[in-house]
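This is the structure, below, for whatever I ask next.
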Amino acid sequence: MFAETPFVRSKRRSEAFAKWLFFAMSAAMVLPLLLIVGYLFVKAAPSLNINFLLDVPRRGMTQGGIWPAFVGTVYLVFISLAISAPVGILAAVYLNEYARDNWLNRMINLAVINLAGVPSIVHALFGLGAFVYAARLGYSILSASLTLAIMTLPVIIASTREALASVPMSFREACWNVGATRWQTIRAVVLPNSISGILTGVILQVSRAAGETAPIMFTGAVFFKAVQKGEVFAYHLNEQCMALSMHLYTISTQVPGVKESIPFATAVVLLASVLLVNAAAITLRALMRSRKKW
Amino acid sequence: MSEPPQPCITTRGLNLWYADFQALFDVNLDITRGLITSLIGPSGCGKTTLLRCFNRVNERYGYVTTTGEIRILGKNIYDPDVALVELRKSVGMVFQRPNPLPISVYENVVFGLRIHHPPGTFTRAELDEAVEKALIEVGLWKDLRDRLDRKATSLQLEQQQKLCIARLLPLKPDVILMDEPCSALDVEGTRAIEELMFALKGHYTILVVTHNMAQARRASDECIFMLLGKLIEHSRTEDLFLNPKNPKTAEYIEGRYG
């Protein structure tokens with residue numbers, strides 16, 4: 001009774017194999033990450049200190065620090081998100097709360113989805129044509145930020161819509177049924193209960209804006225710019241700037257005789273700042289989630 | 001001889017479609033003011049759809065076409081000069097699942113006042129008074145008077161449902177629509193809500209959709225039986241249950257189908 005038949009045994013074996021295979025593939029994802037981070041840190045170690053962050057590049061960028069590039073990246077990220085966040089959030093509110101299912105809104109949806117799939121080099125070319133030349137903004141932080149903004153916009157719209165959709169329909173019904181308008185409903189109930197998700201979605205775009213090279217290379221990032229050590233307000237909006245991603249590309253491929261640890265240390269700074277911002281986003285979300293109850 | 005009281009809600013030739021599907025067929029009814037009227041019938045018979053016509057909240061769900069006439073206190077609610085938000089102010093709705101807003105008890109009760117008046121219309125004292133009055137009316141004041149700043153979503157279900165009713169009262173509605181208000185509640189909660197319905201009766205016209213025939217029988221003055229989108233019978237609750245005129249009604253209340 002209840003003894004194992006050969007068929008049961010073969011099923012048990014394939015079950016064990018399948019489980020092992022799936023686990024191995026999941027584990028295989030972690031390995032490259034650990035290797036990349038470990039390799040970066042080991043290679044970067046000789047240059048990693050606070051002075052590397054605060055100092056300017058010296059001797060034809062073969063020595064010194066990365067301050068101008070770091071500040072430039074901060075500028076680009078903040079200005080681009082300052083543009084794309086309000087536009088994206090408001091658009092998402094329209095699409096999620098007002099738009100009825102008609103051809104116009106389906107077209108808008110389709111456009112948003114397709115915009116998210118456009119390669120960054122195409123965004124770069126568009127930015128060059130639209131902002132640098134047509135809008136006569138020239139090669140500048142403004143042009144580069146606008147280009148990055150267009151690139152991050154569809155993702156912000158998508159993440160905001162997701163956050164809005166997570167607010168239960170019953171809250172909206174409760175409001176409508178006492179005669180609240182849509183806007184009153186959005187202000188009183190929808191936004192307060194989705195703001196953490198919205199903000200998280202926006203903050204997660206920091207890493208994309210900071211990491212992209214092509215869009216800013218075409219529109220406003222430059223090889224070198226003279227900046228004072230540790231100067232915070234280093235650039236004007238109509239100037240070109242240095243940026244970490246661009247700087248990393250330059251010193252890795254274009255400049256001979258760079259101290260070996262400098263490109264790696266630059267990568268570590270880029271990675272660390274992005275991870276730090278992402279960690280902040282996740283903490284924020286966890287914090288706001290723990291406070292809401294329904 | 002006094003005139004018979006003017007009906008609170010009147011429909012004439014009311015038809016409703018969800019896209020191609022017709023959910024209501026030529027509904028004609030007169031609902032008496034100040035009474036509790038229950039709507040019964042098997043699932044999908046259109047009772048909730050009919051209920052949702054009366055504050056035009058159906059329109060929010062798209063693909064809905066309505067023909068015919070609905071008059072509330074004599075006014076056709078499909079007239080172009082009817083403001084939806086004003087209609088909904090006087091025709092409030094209570095749902096199956098209590099849906100207090102995720103804000104404090106106090107803010108839930110004054111929510112309606114706040115959205116229907118420009119900021120600064122009411123003093124703090126006036127708002128306090130409105131809250132006290134509404135909560136006394138639904139019997140929550142004793143339990144919650146010291147916990148008005150508590151989040152409404154953390155209350156017990158029965159309290160939440162009472163709060164959802166209290167939320168309508170500061171707007172002085174004429175009609176309260178209830179869509180299976182007790183289906184998420186236990187026996188005690190159901191009893192409490194039914195008692196509350198009796199207490200509110202007279203001041204408000206109450207329309208309640210229910211799956212529970214026993215509830216319709218004990219908690220309503222008049223009863224409407226619907227089947228497949230048609231109004232089959234409408235009479236005093238006692239008459240409908242004791243002497244149904246239509247054989248379909250008789251079979252339903254005997255439990256032959258449903």
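Order of the sequence lines fixes the chain letters, A, B, ..., with proteins taken first and strands second; residue numbering starts at 1 for each chain.
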Exercise. Near A/Glu162 CD, under 6.0 Å, is it more than 12 heavy atoms from other residues, nucleotides or ligands?
Worked result: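 Not more than 12 within 6.0 Å, no.
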Exercise. Among all residues two or more places apart in sequence or in another chain, which pass the side chain to side chain donor-acceptor pair (under 3.5 Å) test with A/Ser245?
Worked result: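 Per chain and number, A/Ser245 pairs via side chain to side chain donor-acceptor pair (under 3.5 Å) with no residue.
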Problem set entry | Minimum heavy-atom distance B/His116-A/Gly179, with the two atoms named |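 Looking at all heavy atoms of both residues, the closest pair is CE1-O, 3.7 Å.
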Exercise. Any chance CG of A/Asn102 has more than 12 other-residue heavy atoms, nucleotides or ligands included, within less than 6.0 Å?
Worked result: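 Yes, the 6.0 Å shell around CG holds more than 12 heavy atoms from other groups.
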Problem set entry | Rounded distance [0.5 Å steps], CD in A/Glu173 versus CG in B/Asp179 |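 Separation between the atoms: 9.5 Å.
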Exercise. What distance do A/Ser170 atom OG and B/Gln96 atom CD have between them, rounded to the nearest 0.5 Å?
Worked result: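 Going from the OG atom of A/Ser170 to the CD atom of B/Gln96 covers 12.0 Å.
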Exercise. Is the count of non-hydrogen atoms from other residues, nucleotides or ligands lying under 6.0 Å from A/Tyr98 atom OH greater than 12?
Worked result: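 Yes - once you tally the heavy atoms of other residues, nucleotides and ligands closer than 6.0 Å, there are more than 12.
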Exercise. Which value, rounded to the nearest 0.5 Å, describes the distance between B/Phe111 atom CZ and A/Gln184 atom CD?
Worked result: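 CD of A/Gln184 is found 7.0 Å from CZ of B/Phe111.
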For this session: Decide if atom CD of B/Glu129 counts as having more than 12 heavy atoms of other residues, nucleotides or ligands within a radius under 6.0 Å.
Result: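 Check fails, neighbour count at 12 or below.
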Exercise. How close do A/Trp176 and B/Arg88 get, heavy atom to heavy atom, and via which atoms?
Worked result: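 Minimum heavy-atom separation between A/Trp176 and B/Arg88: O-CD, 3.1 Å.
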Exercise. At a heavy-atom separation under 4.5 Å, does B/Pro100 approach chain A through its side chain, its backbone, both, or neither?
Worked result: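 Just the backbone, heavy atoms under 4.5 Å.
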Exercise. Can you name the residues that form a side-chain contact (heavy atoms from CB on, under 4.5 Å) with A/Asn96, not counting sequence neighbours?
Worked result: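 A/Asn96 satisfies side-chain contact (heavy atoms from CB on, under 4.5 Å) with A/Arg161, A/Leu164, A/Ala165, A/Arg172 only.
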Exercise. Taking A/Val178 as the fixed residue, which of B/Leu101, B/Val85, B/Asn55, B/Ile115 is the one that meets the side chain to side chain contact (heavy atoms under 4.5 Å, CB included) rule?
Worked result: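 Of all the options given, the one that passes is B/Ile115.
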For this session: Please check if atom NZ in B/Lys133 has more than 12 non-hydrogen atoms from other residues, nucleotides or ligands closer than 6.0 Å.
Result: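 At most 12 heavy atoms, drawn from other residues, nucleotides or ligands, come within 6.0 Å of this atom.
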Problem set entry | Which portion of B/Val94 sits near chain A, non-hydrogen atoms under 4.5 angstrom |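 It is neither, since no heavy atom gets under 4.5 Å.
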Exercise. Donor-acceptor pair, A/Asn177 side chain versus B/Gly92 backbone, under 3.5 Å?
Worked result: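 No; zero donor-acceptor contacts below 3.5 Å.
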